[in-house]
Amino acid sequence: MPKGLDLNRWWRKATCLGKQVESITKQDCWGCPVQAECLWIAIIEDDRGPDHPLFIRGGLGASKREDLWYWSDRDPLRTYAACMIEADRIQ
């Protein structure tokens, strides 16, 4: 796990808390106090499953996270770093 993440009930601090999943945008993630935690959980829990919608987590869509997952040799820490760089780049 990356250093500095607080995974203890992090979702309670999310800017998007209470929003419909389909209505969340990348802009909702910008400045969110738990953007990094959200992104880490999306990577390690692989939220792209057939019973989950493809949605924004940590400022990136599921397809971008998947691309970075494969480019990072399916390593969670490398994927996280690549995703954080990409999220910062598009903000």
Side-chain angles (χ1 to χ4, degrees):
M1 179 173 83
K3 292 182 180 185
L5 296 186
D6 179 9
L7 299 180
N8 185 25
R9 300 203 268 198
W10 62 271
W11 61 90
R12 292 184 178 200
K13 301 172 193 164
T15 303
C16 65
L17 185 64
K19 284 187 153 192
Q20 293 292 322
V21 170
E22 301 82 21
S23 70
I24 297 172
T25 67
K26 292 175 185 176
Q27 290 80 4
D28 291 320
C29 302
W30 300 342
C32 179
V34 291
Q35 180 180 3
E37 286 83 351
C38 184
L39 188 54
W40 175 251
I41 294 299
I43 292 165
I44 64 168
E45 291 185 357
D46 189 13
D47 63 357
R48 298 169 297 115
D51 60 337
H52 293 87
L54 300 178
F55 58 95
I56 305 295
R57 296 282 300 269
L60 297 177
S63 60
K64 178 52 84 174
R65 291 192 312 272
E66 181 176 25
D67 288 347
L68 294 171
W69 171 253
Y70 287 108
W71 284 31
S72 300
D73 296 325
R74 300 178 181 160
D75 178 275
L77 286 173
R78 289 180 61 202
T79 303
Y80 173 78
C83 285
M84 289 300 289
I85 290 168
E86 181 65 14
D88 283 345
R89 186 186 71 77
I90 62 174
Q91 287 187 36

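Computed from a prediction, not measured in an experiment: that's the story for all the values here.
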Practice problem: Please examine the side chains of Ile90 and Leu60, heavy atoms only from C-beta on, and report whether any two atoms are closer than 4.5 Å. | Solution: yes
Quiz item: Between Ala14 and Cys32, what is the shortest heavy-atom contact and its length?
Solution: CA-SG, 3.8 Å
Quiz item: How about Trp40 and Pro76: do any of their side-chain heavy atoms sit closer than 4.5 Å?
Solution: yes
Quiz prompt | Spatial distance of atom CH2 (Trp69) from atom CD1 (Ile43) [nearest 0.5 Å] | solution = 8.0 Å
Exercise. Sequence neighbours left out, what passes side-chain contact (heavy atoms from CB on, under 4.5 Å) with Arg9? Give chain and number order.
Key: Trp11, Arg12
Quiz item: Just wondering, do Pro2 and Leu77 contact through their side chains at under 4.5 Å, heavy atoms?
Solution: yes
Practice problem: Check Arg57 against Cys38 and note the closest heavy-atom contact, atom names and distance. | Solution: NE-SG, 3.1 Å
Quiz item: Once you round to the nearest 0.5 Å, how far does CG of Leu7 lie from CD of Glu37?
Solution: 6.0 Å
Quiz item: Is atom CH2 of Trp71 surrounded by more than 12 heavy atoms (other residues, nucleotides or ligands) closer than 6.0 Å?
Solution: no
Quiz prompt | Close side-chain approach of Thr25 to Cys16, heavy-atom, < 4.5 Å | solution = no
Exercise. Answer with yes or no whether the hydrophobic clustering places Ile56 together with Trp30; edges join I, L, V, M, F, W, Y residues whose side-chain heavy atoms lie under 4.5 Å apart.
Key: no
Practice problem: Please answer: with hydrophobic residues joined when any side-chain heavy atoms are less than 4.5 Å apart, are Phe55 and Leu17 in the same cluster? | Solution: no
Quiz item: OG/Ser63 to CG/Leu68 distance, rounded to the nearest 0.5 angstrom?
Solution: 9.5 Å
Self-check item: Gap separating the CE atom of Met84 from the CG atom of Leu39, nearest 0.5 angstrom
Solution: 6.5 Å
Quiz item: Can you tell if the side chain of Arg65 reaches within under 4.5 Å of the side chain of Thr79, non-hydrogen atoms only?
Solution: no
Quiz prompt | Distance-minimising heavy-atom pair for Gly58 and Ala87 | solution = O-CB, 3.8 Å
Quiz prompt | CZ-CD distance between Arg74 and Glu66, expressed to the nearest 0.5 angstrom | solution = 9.5 Å
Quiz item: Considering only heavy atoms from C-beta outward, does the side chain of Ile44 approach that of Met1 to under 4.5 Å?
Solution: no
Practice problem: Answer yes or no: is there a side-chain heavy-atom contact under 4.5 Å between Lys64 and Lys26? | Solution: no
